[in-house]
Amino acid sequence: MMLPKLLSLIALPALAAANCKTTPGDAAWPSIEEWSALNQSIGGSLIRTAPAASSCYAGNPLGSSYNCSSVKDHWSYAAYHAAWPESNDYSIYNNNSCVPPGVAGYTKDKGCSIGGMPQYIVNATTEEQVATAMSWASQRDIRIVVKSTGHDLNGRSTGAYSLSIWTHNFNHIHHNSTWHVPGTNKTADVLICGGGNNWGTVYTSAVTQHNRTVVGGEDATVGLGGLIQNGGHGLLSSHYGLASDNVYQVTVITPEGHILTANDAQNQDIFWAVRGAGGGQFGVVTEFILKTHPIPENVVTGGLTIYASNNSNVSELASWTAFAETASQIPYLMDSGITGTIMAATGKSASTYAGVDEVLAGPAVIISLIAYNTTVQAMNTTLYNLSTQLTDNTTRITTKFTPPTSQPYWSYIKPNFLASQSAGASSLFTSRLLGKSELSSLPQADLIYYLQQISASQSGSGSLLIFGLQGGPGTANVPEQRRGSVLPSWRSAYAHVMAYGGSVNETGDPAASLAEAAEWYESVLEPVWRNWAPNMGAYMNEGNPFSSTWKRDFYGDGYERLVEVKRRYDPRGSLWVYSGVGSDEWEFDLRSGLLCRV
Ligand SMILES: Cc1cc2nc3c(=O)[nH]c(=O)nc-3n(C[C@H](O)[C@H](O)[C@H](O)COP(=O)(O)OP(=O)(O)OC[C@H]3O[C@@H](n4cnc5c(N)ncnc54)[C@H](O)[C@@H]3O)c2cc1C
Ligand SMILES: *[C@@H]1O[C@H](CO)[C@@H](O)[C@H](O)[C@H]1NC(C)=O
Ligand SMILES: *[C@@H]1O[C@H](CO)[C@@H](O)[C@H](O)[C@H]1NC(C)=O
Ligand SMILES: *[C@@H]1O[C@H](CO)[C@@H](O)[C@H](O)[C@H]1NC(C)=O
Ligand SMILES: *[C@@H]1O[C@H](CO)[C@@H](O)[C@H](O)[C@H]1NC(C)=O
Ligand SMILES: *[C@@H]1O[C@H](CO)[C@@H](O)[C@H](O)[C@H]1NC(C)=O
Ligand SMILES: *[C@@H]1O[C@H](CO)[C@@H](O)[C@H](O)[C@H]1NC(C)=O
Ligand SMILES: *[C@@H]1O[C@H](CO)[C@@H](O)[C@H](O)[C@H]1NC(C)=O
Ligand SMILES: *[C@@H]1O[C@H](CO)[C@@H](O)[C@H](O)[C@H]1NC(C)=O
Ligand SMILES: *[C@@H]1O[C@H](CO)[C@@H](O)[C@H](O)[C@H]1NC(C)=O
Ligand SMILES: *[C@@H]1O[C@H](CO)[C@@H](O)[C@H](O)[C@H]1NC(C)=O
Ligand SMILES: *[C@@H]1O[C@H](CO)[C@@H](O)[C@H](O)[C@H]1NC(C)=O
Ligand SMILES: *[C@@H]1O[C@H](CO)[C@@H](O)[C@H](O)[C@H]1NC(C)=O
């Protein structure tokens, strides 16, 4: 009886003082003079948030330095949100606080406020600035967020009443072909990259200057920071493992202001944590040292599109059967060195993707395969073999080939920064990692049943599934030593499957719209994954942050150890993200902006 009483006595004062993170309405919020003093101590790098779209509102109330037509024209371009210090790509997660008229999320009477965005931003260029600003904010119980590009799909690089550390200008890149790997007598060919780089600049440097490549994402504007720390898949992950499996060292700055070099020989616990479970949760990574790989000799692509040839029941069933056959072939294709993407759409989306006018019965399956160091003939054979396996070669299924072509690696991946018009809308989706057991070793009738269930759509107008062929031999063969905290089921996963059936009401109150969509996923799609793949989990960068089973889904067996590391490096809980490690010790209300201990 004594022990619990003592414990609660010790815990009480801290809890009473720090129930919620400090907000501008609190007496404890720093005065203008105190913010100025912080600014001076970090070389004048502090920015007061001035939302880009403020110029679209009468009198430019928050002092944007960009004109409204430019902001509006570029709202869908990820590269612009990366360059606007306060912005994130999916504004629903900043409560649609200041969006230009005409874009998704705009409502007439809302106006423009800082609202759900950070209050101040550190435009950091030195590690000391990051350390000083983070410890200053932590001591004052001010929430800290970290932004590299703002690409995060779950709003994890923004937050109300926070101080944002913007890593954008940690953009150095150096090559070292004989870098000494700590804790070994070996050297490795590495790229030493500032934590604010995006993949486009890193690939450009690696390939065009150093005749090497790295494992990273597919979109040029996506950043290293969030992609690597939460795993990271891409065109080479099915050969060389995830981005986080290819990290030899990080420089990480903790919320208490410690600047740490972390690798296999020192600070191993935080090194482990930031390799897979850690964007914006344990500290700010200002530098990554990445293993490089030889450039593939060529890239061969080719594809196949299949759909029901008419609206008869037999044709519809044949299209589901062909889809199931395709899914079951994924592990074998990948074991033979193939990667790529398979999309399956139903309803209106099926007609769009299949390029036909009428609404199709059953799914349209769009298979886009990629292979390296091979010939168009070999890919052609693969596609023809696949097509005969998929269909019972009657007229029930329409099959269209995309003839294979070969091109040099660089012309295939060459970055186009303005190609990414992925920003500006909002969507919520769910995903799952699937292995041989879930794809190839179950009765076909069961597989068809799961594929149909996971193709449900909230609006009834059609669904979209995307199978990324991103695990397989690459993630399975990573040596134990190089595996960080990333979800262990990546080691047996072949496909990372995203399901987009839900709809988010863009014009509603963001908190309510997200809650409503989350509720639909929780009751309709999440149970399908839990039945189909109970032990697999999901890729947290492209997953449903509101899943009730997020701990197991995103972290698996590593969760308890991650909580210990989190407590060690961020004892005050300065860094908080949706479905982050220990995030359930807090409650964040998007509507009030308050982040409070539960
Ligand atoms: C168009 C598009 C394409 C994508 N393609 C891929 C893909 O091919 N492969 C893939 O794996 N994922 C992909 N993703 C998902 C992507 O990995 C995530 O959106 C990821 O969070 C982006 O990281 P970021 O640093 O660019 O974004 P940010 O929004 O800046 O950051 C994301 C998270 O990481 C944290 N963070 C960022 N930088 C740092 C840092 N230096 N130190 C500490 N914390 C940091 C932030 O706090 C936040 O929690 C894609 C996303 C989009 C929108
Ligand atoms: C920080 O200092 C710089 C340089 O003096 C100044 O330009 C900037 O406006 C200051 N930031 C804030 C928030 O006051
Ligand atoms: C707005 O800014 C863009 C880009 O800086 C510029 O090209 C354009 O002329 C500006 N338009 C107006 C109306 O000022
Ligand atoms: C978030 O948006 C809602 C609905 O528009 C609004 O009522 C609320 O005040 C906003 N909250 C913040 C912190 O801006
Ligand atoms: C951020 O800092 C860099 C380097 O000092 C500077 O070039 C850039 O203009 C700054 N950006 C903003 C938005 O203040
Ligand atoms: C490469 O890294 C090693 C340490 O691991 C260092 O001794 C060497 O000078 C570096 N080479 C270059 C070219 O920077
Ligand atoms: C590195 O080499 C030294 C000298 O040959 C040896 O003593 C040491 O055990 C080696 N270390 C490792 C980790 O292999
Ligand atoms: C680039 O690397 C490949 C091996 O991956 C090698 O065959 C080729 O000669 C190199 N090219 C140059 C210009 O060094
Ligand atoms: C492709 O071939 C090159 C050169 O022979 C080799 O170094 C590289 O590892 C191969 N890449 C893949 C992905 O198989
Ligand atoms: C691909 O295979 C088909 C069927 O075997 C054949 O008709 C076609 O000529 C092949 N195309 C190429 C480019 O090899
Ligand atoms: C169907 O395919 C098999 C081989 O898979 C072939 O033997 C048979 O002739 C084909 N039938 C038709 C009608 O094309
Ligand atoms: C649909 O296609 C099948 C052949 O697979 C054919 O027998 C049937 O008559 C067609 N039905 C309609 C309604 O066109
Ligand atoms: C979206 O939310 C708005 C505001 O609450 C509401 O008026 C509208 O009917 C909703 N739309 C849908 C499709 O639910």
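Indexing begins at 1, ligand by ligand and atom by atom, following the structure's order. The basis for the numbers below is simple: all heavy atoms, side chains too, and nothing from hydrogens, waters or symmetry mates.
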Shell of residues surrounding ligand 7, defined by a 4.0 angstrom heavy-atom cut-off that is strict: G183, N185
Contact with ligand 1 for F288, non-hydrogen, under 4.0 angstrom: no
Nearest neighbour in protein (non-hydrogen) for atom 9 (N) of ligand 1: H233 O, 2.8 Å
Side-chain donor-acceptor contact under 3.5 Å, E316 with N311: no
SB check D245 R491 (cutoff 4.0 Å): yes
Aromatic ring pairing F546/Y93, orientation class (parallel under 30°, perpendicular over 60°, tilted between): parallel
Ring centers of Y539, W490 separated by less than 6.0 Å: yes
Interfacing atoms of ligand 1 (cut-off 4.0 Å, heavy-atom, N541): 17 (O), 18 (C), 20 (C), 21 (O)
Aromatic contact, F588 with W576 (centres under 6.0 Å): yes
Contact partition for S422 relative to ligand 1, non-hydrogen atoms under 4.0 Å: side chain
Between S387 and T399, a side-chain donor and acceptor under 3.5 Å: no
Side chain S162, main chain G159, donor-acceptor under 3.5 Å: yes
Protein heavy atom at shortest distance from atom 47 (O) of ligand 1: V146 O, 2.6 Å
Y559-F554 aromatic ring centre distance below 6.0 Å: no
Atoms in ligand 1 flagged as close to G232, the criterion being non-hydrogen separation under 4.0 Å: 11 (O)
Positive for side-chain contact (heavy atoms from CB on, under 4.5 Å) with L575, one of V145, I165, V146: V146
Modelled atom types, side-chain donor and acceptor of T286 and T251, under 3.5 Å: no
N246 and H293 side chains, donor-acceptor separation under 3.5 Å: yes
V285: numbered ligand 1 atoms lying under 4.0 Å from its heavy atoms: 40 (C), 41 (N), 42 (N), 43 (C)
Residue E218 vicinity, atoms of ligand 1 by number, heavy atom under 4.0 Å: 7 (C), 8 (O)
Closest candidate by heavy atom, reference atom 25 (O) of ligand 1, pool G216, S420, G226, S157: G226
Minimum-distance protein heavy atom relative to atom 38 (N) of ligand 1: S148 OG, 2.7 Å
Top protein contact for atom 21 (O) of ligand 1, by heavy-atom distance: D152 OD1, 2.9 Å
Residue part near ligand 12, for N310, under 4.0 Å between non-hydrogen atoms: side chain
Contact atoms of ligand 1, heavy-atom distance to K147 under 4.0 Å: 30 (O)
Any Y539 heavy atom less than 4.0 Å to ligand 1: yes
Y90-N154 side chain donor-acceptor pair, cut-off 3.5 Å: no
Y500/F429 aromatic ring centres below 6.0 Å: yes
Atom 27 (O) of ligand 1: the protein heavy-atom neighbour that sits closest, reported with distance to 0.1 Å: T149 OG1, 3.2 Å
Residue part near ligand 1, for E542, under 4.0 Å between non-hydrogen atoms: side chain
Distance filter under 4.0 Å to G195 heavy atoms, resulting ligand 1 atoms: 41 (N)
Heavy-atom nearest option to atom 10 (C) of ligand 1, drawn from L227, V274, V284: L227
Nearest option to atom 43 (C) of ligand 1, as decided by whichever heavy atom of G196, S237, G278, G283 sits closest: G283
Atoms in ligand 1 flagged as close to Y90, the criterion being non-hydrogen separation under 4.0 Å: 53 (C)
Identity and distance of the protein heavy atom lying nearest atom 35 (C) of ligand 1: G280 N, 3.4 Å
Mutual orientation of the aromatic rings belonging to W84 and H81 [parallel < 30°, tilted 30-60°, perpendicular > 60°]: perpendicular
Taking atom 49 (O) of ligand 1 as the reference point, the nearest protein heavy atom with its distance: R156 O, 3.0 Å
Closest protein heavy atom (residue, atom, distance) for atom 40 (C) of ligand 1: Q229 NE2, 3.5 Å
Sub-4.0 Å atoms of ligand 1 with respect to non-hydrogen atoms of D219: 1 (C), 3 (C)
Residue part near ligand 1, for T167, under 4.0 Å between non-hydrogen atoms: side chain
